[in-house]
Amino acid sequence: GVTTNPRDDLFAAVTSFREDLAKRGIKLLVMIAPNKASVYPEKLAARAKGLVNPTTRDVLATLEQAGVEAVDLFEVYAHARQAPGGPDYYLAQDSHWSPEGMRLAAETVARRLLDSGWVEKGAARYELKSVPVERYGDVLKMIRVPQVQKLFEPQRMNCTQVIDLGTGKPYADDPNSPVLVLGDSFLRIFERDEPGSGGFVAHLACNLGFGLTSVISDGGASTLVRQQLSRRPALLEGKKVVVWEFVERDIRFGTEGWQVIPLPSDPGKSREPECTETGRQR
């Protein structure tokens with residue numbers, strides 16, 4: 001059922017998930033992907049400058065008070081925007097971040113994981129390959145007017161595909177990674193769309209020096225990804241950290257709401273988690 005305050009549901013969902021993971025010795029890092037309007041409020045209204053949805057601020061503050069580790073991308077983008085002549089961190093015709101915005105988020109999360117000592121930098125070596133991509137934004141698709149795309153040019157952008165120097169191929173997930181990443185279309189874009197292996201997961205792996213395991217569900221990061229995880233608990237084997245991304249608008253409008261999804265009890269508790277890295281030494 002829907003309650004009057006989705007924030008309470010979200011809080012219960014996040015804290016219970018963190019406790020379930022903690023029982024398995026796994027840490028949780030939450031990352032809320034800002035709505036485009038929170039990063040560029042002036043594009044909505046002249047008087048909206050610097051406005052971040054107070055609900056989101058409350059959620060971040062409440063999670064922090066409960067000791068939930070969270071990355072504040074709102075601060076990160078606000079700070080980055082102060083530099084004159086910087087890139088756009090979100091796409092022009094789309095609700096998602098641009099390649100630059102995505103890379104900034106991946107760098108921020110990598111720094112947090114390494115600085116906190118939750119993971120150690122791996123030895124896998126990656127290189128970035130520039131790939132030009134043309135795409136029509138999801139805003140055009142939302143309008144649902146036939147032929148509307150013909151009125152617009154696709155947005156051209158330079159993406160960076162992550163190449164694994166060990167294999168010579170584009171980045172691929174590693175099921176034995178110590179890190180599991182959960183999220184929605186913010187993780188799909190550039191990763192599973194064009195150019196492929198060029199989104200948040202690949203760039204986070206590049207910054208950390210090892211492959212990651214990921215579960216991505218379009219529009220379903222609030223509850224659906226945790227439902228998938230409860231059905232496939234083997235995904236948590238050997239994990240040290242779960243990075244959980246969901247978009248800001250899900251705070252109020254998450255698909256399936258914010259259900260508490262208990263994880264099945266851990267059969268492998270007695271075993272030491274293993275971190276097998278496939279990276280080649282320099």
So, taking the atom named [atom1] in [X] and the one named [atom2] in [Y], what distance separates them when rounded to the nearest 0.5 Å?
{"X": "Thr15", "Y": "Leu10", "atom1": "OG1", "atom2": "CG", "result": "9.0 Å"}
{"X": "Arg232", "Y": "Glu237", "atom1": "CZ", "atom2": "CD", "result": "12.5 Å"}
{"X": "Gln227", "Y": "Gln259", "atom1": "CD", "atom2": "CD", "result": "5.5 Å"}
{"X": "Tyr90", "Y": "Tyr77", "atom1": "OH", "atom2": "OH", "result": "5.0 Å"}
{"X": "Met31", "Y": "Leu73", "atom1": "CE", "atom2": "CG", "result": "5.5 Å"}
{"X": "Gln65", "Y": "Leu63", "atom1": "CD", "atom2": "CG", "result": "9.5 Å"}

Looking at every non-hydrogen atom in both residues, tell me the closest pair between [X] and [Y] and how far apart they are.
{"X": "Ala33", "Y": "Glu245", "result": "CB-OE2, 3.5 Å"}
{"X": "Ile32", "Y": "Val247", "result": "CG2-C, 4.3 Å"}
{"X": "Phe74", "Y": "Ser38", "result": "CE2-CB, 3.7 Å"}
{"X": "Ser116", "Y": "Leu113", "result": "OG-O, 3.1 Å"}
{"X": "Gly211", "Y": "Ser177", "result": "O-OG, 2.7 Å"}
{"X": "Ser217", "Y": "Val225", "result": "CB-CG1, 3.7 Å"}

Can any side-chain N or O of [X] pair as donor or acceptor with the backbone N or O of [Y] at less than 3.5 Å?
{"X": "Ser98", "Y": "Gly101", "value": "yes"}
{"X": "Lys240", "Y": "Gly25", "value": "no"}
{"X": "Ser185", "Y": "Asp218", "value": "no"}

What donor-acceptor contacts under 3.5 angstrom involve side-chain atoms of residues 102-112, with partners at least two apart or in another chain?
from   : atom 1 : to     : atom 2 : distance (Å)
Arg103 : NH1    : Thr160 : OG1    : 2.9
Thr108 : OG1    : Leu104 : O      : 2.7
Arg112 : NH1    : Ala70  : O      : 3.1
Arg112 : NH2    : Glu69  : OE1    : 2.8
Arg112 : NH2    : Ala70  : O      : 3.2

Would a single hydrophobic cluster contain both [Y] and [X], if residues Ile, Leu, Val, Met, Phe, Trp and Tyr are joined by side-chain heavy-atom contacts under 4.5 Å?
{"X": "Met157", "Y": "Tyr89", "answer": "yes"}
{"X": "Phe210", "Y": "Ile163", "answer": "no"}
{"X": "Ile261", "Y": "Val215", "answer": "no"}

Taking the side chain as everything from C-beta on, heavy atoms only, tell me whether [X] gets closer than 4.5 Å to [Y].
{"X": "Leu21", "Y": "Arg18", "result": "no"}
{"X": "Tyr171", "Y": "Val201", "result": "yes"}
{"X": "Ser95", "Y": "Arg249", "result": "yes"}
{"X": "Phe190", "Y": "Val133", "result": "no"}
{"X": "Phe200", "Y": "Val181", "result": "yes"}
{"X": "Pro175", "Y": "Leu235", "result": "no"}

Pair Tyr40-Asp88, side-chain contact (heavy atoms from CB on, under 4.5 Å): steps then yes or no: CA-CA 9 Å; Tyr40 293 100; Asp88 284 334; 4.0 Å; yes
Any residue meeting side chain to side chain donor-acceptor pair (under 3.5 Å) with Ser214, in chain and number order, not counting sequence neighbours: Asp173, Arg192
Within 6.0 Å of CD in Glu64, more than 12 heavy atoms from elsewhere: no
Criterion side-chain contact (heavy atoms from CB on, under 4.5 Å) on Arg135 and Asp94, from CA distance to verdict: CA-CA 9 Å; Arg135 60 174 285 141; Asp94 200 284; 3.2 Å; yes
For Asp58, all residues meeting salt bridge (Lys or Arg N to Asp or Glu O under 4.0 Å), sequence neighbours excluded: Arg7
Working for salt bridge (charged side-chain N to carboxylate O under 4.0 Å, His left out), residues Glu248 and Arg57: CA-CA 10 Å; Glu248 180 184 6; Arg57 279 266 158 255; over 6 Å; no
Which residues share a side chain to side chain contact (heavy atoms under 4.5 Å, CB included) with Asp20, sequence neighbours left out: Lys23, Pro262, Leu263
Criterion side-chain contact (heavy atoms from CB on, under 4.5 Å) on Val162 and His203, from CA distance to verdict: CA-CA 7 Å; Val162 176; His203 280 267; 3.9 Å; yes
For Leu212, the option from Leu204, Val241, Val243 that meets side chain to side chain contact (heavy atoms under 4.5 Å, CB included): Leu204
With sequence neighbours excluded, residues passing ring-ring contact (aromatic ring centres under 6.0 Å, His included) with Phe246: Trp244, Trp258
Under the ring-ring contact (aromatic ring centres under 6.0 Å, His included) test, residues paired with His96 that sit two or more places apart: Phe186
Donor + acceptor pair across side chains of Thr223, Arg226 (<3.5 Å): yes
side-chain contact (heavy atoms from CB on, under 4.5 Å) between Thr56 and Val59, intermediate numbers included: CA-CA 5 Å; Thr56 307; Val59 165; 5.5 Å; no
